[in-house]
Amino acid sequence: MCHVIVTCRSMLWTLLSIVVAFAELIAFMSADWLIGKAKPSSSEDVDNRTGGSQEPYHPTLGIYGRCTRISHMQFSRRDTLCGPYAENFNEIASGFWQATAIFLAVGIMILCAVAFVSVFTMCVQSIMKKSIFNVCGLLQGIAGLFLILGLIIYPAGWGCQKAISYCGPYASAYKLGDCSLGWAFYTAIGGTILTFICAVFSAQAEIATSSDKVQEEIEEGKNLICLL
């Protein structure tokens with residue numbers, strides 16, 4: 001018989017697992033890893049109302065994507081164009097960024113799988129006499145290691161030609177030059193920290209769902225068990 005067991009700690013672990021997976025996925029897909037040096041406005045970017053030049057803009061560069069501004073002369077309009085600069089894996093600007101993409105992709109796939117499984121832990125708490133919480137916590141720890149490796153390798157690619165075109169000639173491995181780090185990089189770091197927190201917290205979720213109070217509720221014949 002399936003017993004639906006919901007506790008405060010197990011629900012918090014499930015929500016954190018889902019949030020972490022989405023945060024890492026969004027960061028990976030974003031082009032806001034590096035914020036390039038300011039580009040001066042062109043002659044087409046003159047404000048028709050004031051006659052003055054618009055403020056310089058900052059293009060952004062991701063692991064495989066980028067955002068830049070294009071001007072429409074006939075409409076005196078400026079649009080930000082975002083999309084992948086690499087049509088395939090081999091066109092990613094640096095070998096280090098290719099390795100970063102691999103490590104992050106593996107870590108994110110594990111996190112997404114755990115997030116999917118975590119939803120069903122309310123009904124199924126063990127498989128083959130092994131706690132799902134403990135198995136998921138172990139997988140989250142492994143995913144965190146992949147994410148750390150990707151984030152450590154990523155700055156080594158700042159010396160590639162693509163990064164130099166955005167960050168200036170002083171950019172090199174682990175040196176930003178004229179660039180600054182974007183929100184996607186910080187989100188990836190925050191998500192990695194939360195990944196390890198989830199891995200540790202999975203043990204608390206296991207304790208909560210196998211406590212004496214839960215066992216008493218099961219013995220009383222309850223199928224829906226909700227505990228704080």
Side-chain angles (χ1 to χ4, degrees), residues 20 22-47 50-73 76-109 111 143-196:
V20 165
F22 272 103
E24 289 290 347
L25 181 61
I26 292 172
F28 178 71
M29 296 174 64
S30 173
D32 290 324
W33 284 70
L34 287 179
I35 300 175
K37 63 181 181 178
K39 300 288 186 181
S41 297
S42 63
S43 59
E44 294 86 5
D45 291 336
V46 175
D47 193 314
T50 64
S53 177
Q54 297 292 311
E55 292 183 1
Y57 68 96
H58 295 267
T60 60
L61 179 65
I63 297 173
Y64 64 90
R66 54 93 181 96
C67 283
T68 188
R69 192 168 70 176
I70 58 174
S71 297
H72 300 270
M73 294 178 60
S76 297
R77 179 167 58 87
R78 291 157 297 280
D79 289 332
T80 299
L81 177 65
C82 295
Y85 67 80
E87 294 183 359
N88 55 63
F89 181 78
N90 291 329
E91 291 183 2
I92 292 178
S94 167
F96 293 109
W97 288 2
Q98 291 176 350
T100 295
I102 292 173
F103 284 125
L104 292 185
V106 172
I108 291 169
M109 284 191 292
L111 290 179
L145 293 177
F146 278 108
L147 296 176
I148 285 178
L149 286 173
L151 292 174
I152 290 175
I153 293 173
Y154 170 70
W158 291 345
C160 69
Q161 191 58 45
K162 190 75 173 179
I164 290 174
S165 67
Y166 277 71
C167 305
Y170 297 106
S172 61
Y174 296 94
K175 292 183 179 180
L176 281 171
D178 296 326
C179 281
S180 59
L181 293 172
W183 65 264
F185 182 79
Y186 292 114
T187 299
I189 291 177
T192 302
I193 295 172
L194 283 177
T195 296
F196 286 105

Search all heavy atoms of [X] against all heavy atoms of [Y] and return the closest pair with its distance.
X	Y	value
Leu34	Cys167	CD1-SG, 4.1 Å
Arg66	Leu61	CB-CD1, 4.0 Å
Ala163	Gly157	CB-O, 4.1 Å
Ala23	Thr187	O-CG2, 3.7 Å
Gly107	Ala143	O-CB, 3.6 Å
Ala184	Ala27	O-CB, 3.5 Å

* Decide whether a cation-pi geometry holds between Lys37 and Tyr166; the criteria are a distance under 6.0 Å from NZ or CZ to the six-membered ring centre and an angle within 45° of the ring axis. =>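 No cation-pi geometry.
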Test item: [X] side-chain N/O and [Y] main-chain N/O as donor-acceptor pair under 3.5 Å:
X	Y	value
Glu24	Leu111	no
Tyr85	Lys162	no
Thr192	Ala188	yes
His58	Gly36	yes
Thr100	Gly150	yes

A quick test of your reading: do over 12 heavy atoms of other residues, nucleotides or ligands sit less than 6.0 Å from [atom1] of [X]?
X	atom1	result
Tyr174	OH	yes
Phe96	CZ	no
Phe22	CZ	no

* After noting the C-alpha distance and the side-chain angles of Leu151 and Phe185, does the key distance pass the side chain to side chain contact (heavy atoms under 4.5 Å, CB included) rule? -> CA-CA 8 Å; Leu151 292 174; Phe185 182 79; 4.2 Å; yes
Taking the side chain as every heavy atom from C-beta outward, state whether [X] and [Y] have any atom pair closer than 4.5 Å.
X	Y	value
Phe196	Leu147	no
Trp158	Ser172	no
Trp33	Leu181	no
Tyr154	Leu149	no
Met29	Tyr64	yes

Gap separating the [atom1] atom of [X] from the [atom2] atom of [Y], nearest 0.5 angstrom:
X	Y	atom1	atom2	answer
Asp32	Trp183	CG	CH2	6.0 Å
Thr195	Ile148	OG1	CD1	9.0 Å
Ile164	Asp178	CD1	CG	11.5 Å

